[in-house]
Amino acid sequence: MQKYFLVIPIVIAAVAGTAAAEQLVPIKIKDGSIDQPLTAQAGNPANGATTIADRKLGNCLACHQVTKLKAEPFHGDVGPTLDGVASRWNEGQLRLIVVDPKKVFEDTAMPSFYRTEGMHRVRKEFQDKPMLTAQQVEDVVAFLKTLKE
Ligand code: HEC
């Protein structure tokens with residue numbers, strides 16, 4: 001019974017949110033990797049670079065350094081540099097790190113960019129909405145794939 005009290009508001013919120021938010025793509029995680037792209041349209045690395053630098057989107061540079069994006073004013077050092085990241089992780093692993101980094105690095109400070117469950121401390125208008133769209137996730141992954149050592 002208790003389960004329904006949880007499920008019903010989620011369903012209502014999901015239905016109410018569909019006009020603004022896109023339908024969440026189901027994610028299949030296997031062996032620390034999401035092998036299947038989230039969208040039929042391939043990721044665009046140039047759009048990915050924009051998403052990574054944009055403070056309202058990825059805001060990745062708040063925590064990461066990326067030499068390729070040196071024209072951007074601020075690069076933080078909370079996380080490791082993303083230079084050479086494609087030599088450390090394959091595409092499916094990079095996709096999982098962007099979607100839900102807690103599945104790879106337990107207790108990480110990095111936020112989940114395509115996950116909505118278990119996020120209680122987000123502002124109401126962002127609840128049930130991932131931080132990036134599925135296409136933006138693919139664009140970011142496409143850009144990360146260019147960062148080879
Ligand atoms: C609040 C800070 C923060 C933000 C914002 C952030 N990250 Fe991270 N990220 C981290 C930390 C910290 C780690 C190291 C993992 C850990 O916690 O052990 C990490 C790890 C990573 C890794 C693995 C790096 C490696 O060499 O192993 C990738 C890839 C990555 N982040 C990509 C991104 C992308 C892409 C974005 C934006 C969409 C982003 N991060 C936003 C903090 C952040």
Side-chain angles (χ1 to χ4, degrees), residues 6 9-10 13-149:
L6 288 169
I10 290 170
V15 170
T18 41
E22 63 170 6
Q23 204 78 31
L24 273 191
V25 174
I27 303 289
K28 204 170 127 226
I29 302 171
K30 199 171 153 251
D31 301 329
S33 170
I34 302 172
D35 294 338
Q36 193 66 32
L38 273 45
T39 57
Q41 194 183 328
N44 175 315
N47 291 346
T50 308
T51 301
I52 282 178
D54 191 322
R55 293 199 184 178
K56 295 213 180 84
L57 294 172
N59 199 19
C60 315
L61 299 181
C63 296
H64 292 286
Q65 198 240 318
V66 184
T67 303
K68 239 189 194 178
L69 302 178
K70 58 178 178 290
E72 297 294 332
F74 180 82
H75 295 230
D77 60 3
V78 176
T81 173
L82 296 182
D83 291 353
V85 81
S87 306
R88 298 191 284 279
W89 303 96
N90 67 31
E91 179 183 322
Q93 293 168 324
L94 289 171
R95 190 175 284 113
L96 177 58
I97 292 172
V98 175
V99 165
D100 191 358
K102 269 100 190 150
K103 294 268 180 357
V104 181
F105 315 105
E106 223 183 306
D107 299 325
T108 186
M110 180 164 157
S112 301
F113 288 91
Y114 199 78
R115 193 185 72 132
T116 56
E117 91 268 16
M119 292 173 67
H120 301 301
R121 286 184 300 168
V122 286
R123 275 175 30 210
K124 206 156 187 195
E125 64 265 40
F126 294 125
Q127 276 169 10
D128 307 308
K129 276 186 215 143
M131 291 168 71
L132 297 179
T133 66
Q135 195 62 57
Q136 285 165 340
V137 169
E138 290 305 316
D139 293 347
V140 166
V141 170
F143 176 76
L144 292 176
K145 275 171 62 191
T146 70
L147 303 177
K148 283 224 161 98
E149 215 93 81

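Only heavy atoms go into these numbers, but all of them, side chains included; no hydrogens, no water, no symmetry mates. One-based numbering, in listed order, for ligands and for the atoms of each. Since we're looking at a predicted model, the values are computed, not measured.
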**Student:** What residues, two or more places apart in sequence or in another chain, satisfy side chain to side chain contact (heavy atoms under 4.5 Å, CB included) together with Q93?
**Tutor:** S33, W89, N90
**Student:** Show the nearest heavy-atom pair for residues T108 and P101, with the distance to one decimal.
**Tutor:** CG2-CB, 3.9 Å
**Student:** Flag the pair L38 / V99 as yes when at least one side-chain heavy-atom distance between them is below 4.5 Å, and no otherwise.
**Tutor:** yes
**Student:** Below 4.0 angstrom from a heavy atom of V78, which ligand 1 atoms are there? Numbered from 1 as shown, please.
**Tutor:**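 Listed by number with element: 12 (C).
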**Student:** So does L69 get a backbone contact from the side chain of H75, meaning a donor-acceptor N/O pair under 3.5 Å?
**Tutor:**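 Yes, H75 side chain to L69 backbone: donor-acceptor pair under 3.5 Å.
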**Student:** Would a distance-only check, ignoring hydrogens and angles, find a side-chain to backbone donor-acceptor pair under 3.5 Å from Y114 to V25?
**Tutor:**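 Side chain of Y114 to backbone of V25: a pair is present.
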**Student:** For A142, is there any backbone N or O sitting under 3.5 Å from a side-chain donor or acceptor partner on T146?
**Tutor:**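 Here the side-chain-to-backbone pair does not exist.
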**Student:** May I ask you to determine how many protein N/O/S atoms are under 2.8 Å from atom 8 (Fe) of ligand 1?
**Tutor:**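 Atoms of protein N, O or S type lying less than 2.8 Å from atom 8 (Fe) of ligand 1 total 2.
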**Student:** Could you tell me which atoms of ligand 1, counted from 1 in the order shown, lie closer than 4.0 angstrom to a heavy atom of A109?
**Tutor:** 1 (C)
**Student:** Check side chain to side chain contact (heavy atoms under 4.5 Å, CB included) between E106 and all other residues, then give those that pass, not counting sequence neighbours.
**Tutor:** none
**Student:** Please say whether more than 12 non-hydrogen atoms of neighbouring residues, nucleotides or ligands are located less than 6.0 Å from CD in E72.
**Tutor:**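 Correct, the count exceeds 12.
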**Student:** Nearest protein heavy-atom contact for atom 26 (O) of ligand 1: which residue, which atom, what distance?
**Tutor:**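 Its nearest protein heavy-atom neighbour is R88 NE, 2.8 Å.
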**Student:** Starting from atom 29 (C) of ligand 1, which protein heavy atom do you reach first, and at what distance in Å?
**Tutor:** V85 CG2, 3.6 Å
**Student:** Considering only heavy atoms of G58, which atoms of ligand 1 have at least one such atom less than 4.0 Å away?
**Tutor:** 37 (C), 38 (C)
**Student:** Kindly say whether N44 contributes a backbone atom to a donor-acceptor pair with the side chain of D139 at under 3.5 angstrom?
**Tutor:** yes
**Student:** Among all protein heavy atoms, pick the one closest to atom 25 (C) of ligand 1 and tell me residue, atom and distance.
**Tutor:**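 Of the protein heavy atoms, W89 NE1, 3.3 Å lies nearest.
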**Student:** Atoms of ligand 1 less than 4.0 Å from V140 heavy atoms?
**Tutor:**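 Counting atoms of ligand 1 from 1, those under 4.0 Å from V140 are 35 (C).
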**Student:** What residues form a side chain to side chain donor-acceptor pair (under 3.5 Å) with K102, not counting sequence neighbours?
**Tutor:** none
**Student:** Below 4.0 angstrom from a heavy atom of N59, which ligand 1 atoms are there? Numbered from 1 as shown, please.
**Tutor:** 5 (C)
